[in-house]
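Each chain gets a letter, A, B and so on, in the order its sequence line appears, and its residues count up from 1. Fair warning: this is a prediction, and the values are worked out from it, not measured in the lab. The basis for the numbers below is simple: all heavy atoms, side chains too, and nothing from hydrogens, waters or symmetry mates.
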Amino acid sequence: MSSSDDDTPLVRGKTQVVSNDRISKAEDKAMDKEVPSNGHVEPGISIRMGPVDDMDVDEPATNGNAGGKRKARSSITNGKTYKDQSSSEDDDKPLSKRRRTSQQAKAVKDDSDSDLSDVPLKARNLPKASAEQIGESSDSDTPLNTKLVKKKEEIEKAAAKEAKAIRSKEKAAPKRKPKIESDSDDDIPLAKKKAPVKKAPAKKPKKEESDSDVPLAKKPIAKKGKAAAAAPAKKGKGKLKKEEEEDQDRAADDEEEEYRWWEDTAKGDGTKKWDALEHNGVVFPPEYVTLPKSVKLIYDGTPVSLQPEAEEAASFYGGMLNSTHNIENPTFNKNFFEDFTAILDKTGHSKDKDGKTVKIKKFEKCDFKPIFEHYEAERTAKKALPAAEKKALKAEKETAEAQYMYCMWDGRKQKVGNFRVEPPSLFRGRGEHPKTGRIKKRVLPEQITINIGEKAKVPAPPAGHRWKEVKHDHEGTWLAMWQENINGAYKYVMLAANSDIKGQSDFKKFEKARELKKHIDRIRQDYRRELKSEKMVDRQRATAIYLIDQFALRAGNEKGEDEADTVGCCSLKFQHITLRPPETVIFDFLGKDSIRFYDEVKVDAQVFKNLKIFKKEPKTVGDDIFDRLTTSALNKHLTSYMPGLTAKVFRTYNASYTMARLLKSLKATGTIQEKVKAYNDANREVAILCNHKRTVAASHGASIDKMNEKINGLRYQVWRTKMMMIDVDPKIKKKKGAEYFERPEDLDNEWVKHHQDAEVEEMRQKITKKFEKDNEKLVADGEKEMKPKELTERLEKADELAAKYKKENKTGKVEAEGKGPTVEKLDGNIDKINQRIENMKIQMEDKEGNKEVALGTSKINYIDPRLTVVFSKKFDVPIEKFFSKTLREKFDWAIKSVDEDWDF
DNA sequence: AACCATACTTAGGAGATAAATC
DNA sequence: GATTTATCTCCTAAGTATGGTT
């Protein structure tokens, strides 16, 4: 305890808080030098512990992970070492600082208060009194520090007041929301510019009632005209008459009427999402079908039978034996087996063929293969079905589900996204998820809440069941909801991406990002200034915003113990950042979905210095870099610049902005293909910015090898063609110089031999195959097969080739091929081949560069689709080249709303 | 501030389908 | 035309963010 005191004193300032989170000039200076002589004295870094008077506090609640709920992480992430910091620091650490690793901390969590006194974080949980006490005792130990702090307290008190004043001013600003809005028209138009009261004037409830009687099921398939036509009446409120007419026309055409919401300037305030909502609920997965008697789990060599519930669980596992990446994961197996045995215990384990109970105790003794093979056979059978039958099956399913596919949203027919309730299965958590492999249970109607209009007919739950609840939440966009059993996560049934409501919020998202353009300069200016703030909180916040803005990091909410250990900006830990003077920062951590983020970047000198401070001892592996910062605090600050501004907006903004810039720099030249390529290159750049990755396809290596071989084959042909020149005109050798005719070094004799053999072999195979096929055809036509002799004859071609190569190898000469070969012609051939080589090389580089970059995510979520539409129009490339059918539907609003001049 | 409940967006992988290639 | 490869769609996990409660 004594040890830690350097932190504690600060606490004492509970009334005037601010003190401890200051960063002294001295510290700043010290940070300029390599290592501060006695690190632990720096007050700036010590963390304020005590409760504070709420006002001043931007104080984090959370300091490092030793504190209460924070997840203790073992920092295994990536298994990196980060030696520079930790090792050197370790040596001069004051005793006090025998900081446990986070894991240890967690272990002792409960009784560790005193012990942890050096872990500032912890302190925050202490009641005031105890904090004070600690502080006092510490005084004697750390006089220096204390003094410093005390003096500072006074100064800081003043500063704090000032800061407070400023802050409150800033706060005031956002309150003037309406004002801001008015000058920023394009911001969130939907949300705000409301024409508040006039929505849905006396809709036609009658209509609805009658509608609600009609099972939706029929509506979508049959006539949609009616309901659809009714809708505009309410939304139109007088304006947009033309459109209504159009709509009706279209409806009459049996076409879906179109609601151009992006042209509708009067919208609600964004909280009320609908007035009338009808839908048919959800589709439940099929009941479990028990395995045929012949298919059994084998336990310890004995085939055993299970009760249906247990068998179902076994079938989940058995069904995925082919997915090694799950079943080779020990956590996955352990979790599965735990849940499996729980069911076994409940259902009486298994029985052998004599009906004797066999207790299943060891996972290793379970052989699921028969189950796997059974399902595999089913899959194959399904695949082998004649096309017509497959189609029929699909159509059948579609009809059965038709009524769930659409809902009526304020009278408009809208596609529902995920109307199928998630079937039971094994939970496939990503990365090192502690719960991966656990059994995700079947969802019962009793767990499902339905959200629907008051006047709509509530969909009937399956016979003998009832819904958990039926709500009429007009502020929610979901139709049904349940909680999943593994993480307690909520699952929502919502509309599809091409629905109006999703389109609208997508639109809002991009408008918000565009709005940020107006504020970004000021924000950047501010955070640059605040990078030097004396207040730790502010400095951390500024630094975090810098990282988010510059490197597109995610916000980084806190995570729980029972989740994979991943981080974002605010949750970055000591070990995730390595500092390499003078100003390079190396990020290495696992982000969302446990995707690795690795980047070496140059940063602003002040940022470098700050990170160094934030990493200063006593912090060590497992500790938060931004121990004073939470995502809420960060977002709260951001919102003061612009309503609705949060960390994630920066990603959207930077992605779209980057894309806009790149597209602008393109020249409208070349073929369509080239333009598409140029677009994709820009897209790729954005994807890289956002760190959107995919796992390299298993076939990637082989496919690259193949391409390489092909290129080499072509190079060989180039050489051979050159040799032909000599054959045609021996004098050419002198003219062009001997060097020109040398075979590339890497194509050595061994390679040539190998290549020739492969070529010959390939030819043989082709001939043989062709022969077989021809024969089949003959048979099919009722004629008789060709004799094997025919094949031998045909294969002579390959033999000739082999002979030719043999001769070439021997003589070192290549006979000219083709009719009337001339040097000029051969030259032309060479050019052609070289061109092919170039093309292939580019293709290969493309493939290589693309192998672990996923372009889709940024295209779907980050790049303002209007940019793509503009590009398509300006460069005259059909939009289909960029957006698939579903994307075109999703971005319908963008496709229809911009012209060439639009700019992000 | 911590914690929880809630609701919505963003994300990669599996499997289905379409396109390219042999 | 069959097979391989690229692309698209579906699925659902994993984030962000907010608001209420203690």
Would you indicate which nucleotide in [options] comes nearest to any side-chain atom of [X]?
X	options	value
Thr886(A)	dC10(C), dA7(B), dT16(C)	dC10(C)
Asn418(A)	dT12(C), dT5(C), dG12(B)	dT12(C)
Lys509(A)	dT10(B), dA14(C), dA7(B)	dT10(B)
Ala555(A)	dA14(B), dG13(B), dA17(C)	dA17(C)
Asp593(A)	dA11(B), dG13(B), dA17(C)	dA11(B)
Asn861(A)	dA13(C), dC8(B), dA11(B)	dA11(B)

Starting at atom [atom1] of [X], determine the distance to atom [atom2] of [N], rounded to an integer number of angstrom.
X	N	atom1	atom2	value
Ile704(A)	dA6(C)	CD1	P	10 Å
Asn329(A)	dA13(C)	CG	C1'	15 Å
Arg428(A)	dA14(C)	CZ	P	12 Å
Lys394(A)	dT9(C)	NZ	C1'	10 Å
Asn691(A)	dA11(B)	CG	P	10 Å

[N], OP1 or OP2 - any side-chain N/O from [X] closer than 4.0 Å?
X	N	value
Lys693(A)	dA11(B)	no
Lys885(A)	dT9(C)	no
Lys636(A)	dA17(C)	no
Ser632(A)	dA17(C)	no
Arg651(A)	dA11(B)	yes
Ser505(A)	dT9(B)	yes
Thr477(A)	dC8(B)	yes
Tyr492(A)	dA7(B)	yes
Lys491(A)	dC11(C)	no
His433(A)	dA13(C)	no
Asn635(A)	dA17(C)	yes
Asn557(A)	dT16(C)	yes
Thr857(A)	dT10(B)	no
Thr631(A)	dA17(C)	no

Going by atom types only, do [X] and [Y] share a side-chain donor-acceptor pair under 3.5 Å?
X	Y	result
Lys509(A)	Thr652(A)	no
Asp549(A)	Asn654(A)	yes
Ser571(A)	Lys559(A)	no

Which sits closer to the 5' end of DNA chain B, Lys648(A) or Glu762(A), going by the nucleotide each is nearest to?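 By nearest-heavy-atom nucleotide position, the 5'-most residue is Lys648(A).
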Contact nearer the 5' end of DNA chain B, comparing Arg379(A) with Lys471(A): Lys471(A)
Taking the six-membered ring for Trp, are [X] and [Y] parallel (under 30°), tilted (30 to 60°) or perpendicular (over 60°)?
X	Y	value
Phe589(A)	Phe597(A)	parallel
Phe883(A)	Phe891(A)	tilted
Trp478(A)	Tyr492(A)	perpendicular

Should the side chain of Lys592(A) and the base of dT10(B) be counted as holding a donor-acceptor pair, with the cut-off at 3.5 Å? yes
Are the side chains of Val470(A) and Thr449(A) in touch, meaning some heavy atoms are under 4.5 Å apart? no
